[in-house]
There are 2 protein chains.
Amino acid sequence: MTLAASLPEGRPVVWERKTRAEELRLQLADEIVRGALFPGAPLDEITLADRFRVSRTPVREAIRLLAASGLVEVRAHRAAVVARPSAEQLAGMFEAMAELEALCSGFAAVRMTSVERRALEDIHDELRVMIQSGDPQRYHEVNEAFHSTIYTGAHNTYLAEITLSTRARVQPFRRAQFRNLGRLAKSHIEHDRVVQAILRGEQSIAASAIYTHIVTVRDEYETYTESL
Amino acid sequence: MTLAASLPEGRPVVWERKTRAEELRLQLADEIVRGALFPGAPLDEITLADRFRVSRTPVREAIRLLAASGLVEVRAHRAAVVARPSAEQLAGMFEAMAELEALCSGFAAVRMTSVERRALEDIHDELRVMIQSGDPQRYHEVNEAFHSTIYTGAHNTYLAEITLSTRARVQPFRRAQFRNLGRLAKSHIEHDRVVQAILRGEQSIAASAIYTHIVTVRDEYETYTESL
DNA sequence: GTAGTCCGAATTGCATACAATAGGCCAAAA
DNA sequence: TTTTGGCCTATTGTATGCAATTCGGACTAC
């Protein structure tokens, strides 16, 4: 599974993946959330056009679409840059993400089909095994699948969409946590509380469990940044 | 309402250093949420370019940005159309809106400054007076200000942003309610519960009060559509 | 009469040329 | 040396031409 598949940057803006602008949008979004393009990095239209062997037109379109989703910032007559939110904005995004994930988790607890519940368990088990393997990149991919499964299980397309979008937007600032391998085991324990609540259909417990999980993730990020 | 909208065909009065694409985006978004462009209406690039006296390029850009925000739907090599979500999608948006508004309202109850609380009261009072005047359009504008004040009062820029965006996206399907003037008085009573809770700093009550309000709005919409 | 296929007109997708503007560079004056 | 003002260049914003694709209508076969 590619990262792009596990972290779809929101609903496609152009369907039937055939336009170059849409491909570029996905590619650039992937590079931003993966950290290849770090916050503040300029997105020069000509340079990107050269790199992707296309004209400026589709590059421009891709950049604007990313700007609309919040991943990049554009100002008239100046180069677009990868979004670099302030500490306050980032705190707000984390808070919103915690609430949105809690909403999804709670709905998932009471709305997931038995097939979906089984799929969630499978992913959860896969993550357990991977704690040992110690492949942070791969763990991250499956972890995204775990959360996406919960969003889908909420059976509210729009809610899943904005939650996923929020997650993508915060992603460039969450990466650091997986450098700490000890974090993986703790993360799995938190996940376990979420899964148990969802499987039992306990809405409010599922919500609060994942809320706690997100808050912990945020705290890990803050601890990391303070150490710089 | 944008200034351009109120100027029939005149030359620009103020040369803002904004780009044409951005002007078009605001103009088209305004027409969509106001209902001048109804869901399903095609957005032909050449027609719009002709109408706004620009080339297709900025028109295209504006349309894509609107697509990214969900107000229009774009498919490759086909005309963009004003978004026409399915009944399920619309239900999901209403549900998400209710939850987001509840979040904002709850936060506002515990985070608003005294100045903000006063401003909210003022708008609320203004709405009370306007119940009598019976100007649905003007009532709608002040009503938007009421909700926006709560979003801002939540002191979370990102949350306010996605809540406002959700509201805009549902707006084309909420318009009908204000044709029923009797609805205005009921709406004000619901608002009153929200305002009282916020002023008293009662987070959960503020949240549930506005949740109820949004659910009622949704029910009004459903009643309206069923009557067609 | 109906269904299927192919062609043409119309529209979007992309490339390129041109216009406009922000920011840097340099010179001149304090 | 510092500051200020204007040009100059690099980059973005817009227009336009051409390529690619969709869709409707006509024609054919059954």
Side-chain angles (χ1 to χ4, degrees), chain A residues 9 11-29 31-32 37 39-84, chain B residues 2 4 9 11-29 31-32 37 39-84:
Chain A
E9 328 314 341
R11 137 193 58 74
V13 175
V14 176
W15 281 262
E16 299 170 17
R17 311 278 153 60
K18 276 194 290 193
T19 70
R20 299 181 195 281
E22 183 70 1
E23 288 173 15
L24 289 177
R25 177 182 149 267
L26 292 172
Q27 175 77 25
L28 290 174
E31 294 188 6
I32 291 173
L37 289 170
L43 297 172
D44 180 80
E45 293 181 3
I46 297 174
T47 303
L48 289 173
D50 263 2
R51 194 182 134 202
F52 291 110
R53 313 281 183 183
V54 295
S55 75
R56 281 177 50 216
T57 307
V59 171
R60 220 180 132 68
E61 190 169 310
I63 288 176
R64 298 316 171 95
L65 294 178
L66 292 171
S69 76
L71 280 178
V72 314
E73 297 165 359
V74 298
R75 292 192 298 172
H77 296 291
R78 262 169 276 182
V81 297
V82 178
R84 191 170 45 181
Chain B
T2 64
E9 190 167 328
R11 229 171 288 104
V13 177
V14 176
W15 276 266
E16 283 207 4
R17 279 294 151 235
K18 281 203 287 193
T19 65
R20 286 165 179 82
E22 181 67 5
E23 289 173 13
L24 290 177
R25 184 180 73 82
L26 294 173
Q27 174 78 24
L28 290 174
E31 294 188 5
I32 291 172
L37 289 171
L43 297 172
D44 180 79
E45 292 181 3
I46 296 174
T47 302
L48 289 173
D50 198 49
R51 188 181 140 203
F52 290 111
R53 303 282 202 264
V54 295
S55 75
R56 282 176 50 217
T57 307
V59 171
R60 232 182 118 69
E61 191 169 309
I63 288 176
R64 298 316 170 96
L65 293 178
L66 292 171
S69 74
L71 280 177
V72 314
E73 294 167 1
V74 173
R75 297 161 72 192
H77 293 102
R78 262 166 282 184
V81 298
V82 178
R84 192 170 46 180

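Residue numbers start from 1 in every chain, and the chains themselves are labelled A, B, ... in the order their sequence lines are given, proteins ahead of strands.
In terms of the salt bridge (Lys or Arg N to Asp or Glu O under 4.0 Å) criterion, E73(A) has no residue partners (sequence neighbours excluded). Scanning for side chain to side chain donor-acceptor pair (under 3.5 Å) contacts around R60(A) gives E45(A), E61(B), with sequence neighbours left out. In terms of the side chain to side chain contact (heavy atoms under 4.5 Å, CB included) criterion, residue partners of T47(B) (sequence neighbours excluded) are, by chain and number, D44(B). For R84(B), the salt bridge (Lys or Arg N to Asp or Glu O under 4.0 Å) test picks out no residue, with sequence neighbours left out.
Atom CZ of F52(A) and atom P of dG13(C) are 20 Å apart (whole Å). Atom pair L24(A):CG and dC14(C):C1' shows a separation of 11 Å (rounding to whole Å applied). If you measure from atom CZ of R25(A) to atom C1' of dG13(C), you get 17 Å, rounded to the nearest angstrom. Here the P atom of nucleotide dT12(D) and the CD atom of E73(A) are 16 Å apart, to the nearest Å. The distance between atom CD of E61(B) and atom P of dG13(C), rounded to the nearest whole Å, is 14 Å. R53(B) has its CZ atom 17 Å from the C1' atom of dT14(D), to the nearest Å.
Residue T57(B) places a side-chain atom within donor-acceptor reach of the base of dT16(D), judged by atom type and a 3.5 Å distance cut-off alone.
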(request) For each nucleotide in nucleotides 5-12 of chain C, reading 5' to 3', give B when a protein heavy atom comes within less than 4.0 Å of its base, S when such contact involves only the sugar-phosphate, and - otherwise. (result) ------SB
(message) Would F52(B) and Q27(B) count as a side-chain contact (heavy atoms from CB on, under 4.5 Å) here? Give the steps.
(response) CA-CA 10 Å; F52(B) 290 111; Q27(B) 174 78 24; 3.7 Å; yes
(message) Between V72(A) and L37(A), is the side-chain contact (heavy atoms from CB on, under 4.5 Å) condition met? List the steps.
(response) CA-CA 11 Å; V72(A) 314; L37(A) 289 170; over 6 Å; no
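For the helix from dG1(C)-dC30(D) to dA30(C)-dT1(D), the rotation axes defined at the first and last 5 base pairs enclose an angle of 10°, given to the nearest 10°.
Regarding contacts with the backbone of dA15(C), a side-chain N or O of S55(A) is found under 4.0 angstrom from either OP1 or OP2.
Note that CG of L24(A) and CG of L66(A) are 9.5 Å apart. Values are rounded to the nearest 0.5 Å. Put simply, CD on E31(A) and CG on L71(A) are 12.5 Å apart, with the number rounded to the nearest 0.5 Å.
Ion pairing between E22(B) and R25(B) holds under the 4.0 Å rule for side-chain N and carboxylate O.
Picking from dT22(D), dA15(C), dT14(D) the nucleotide with the shortest atom distance to the side chain of K18(A) gives dT22(D).
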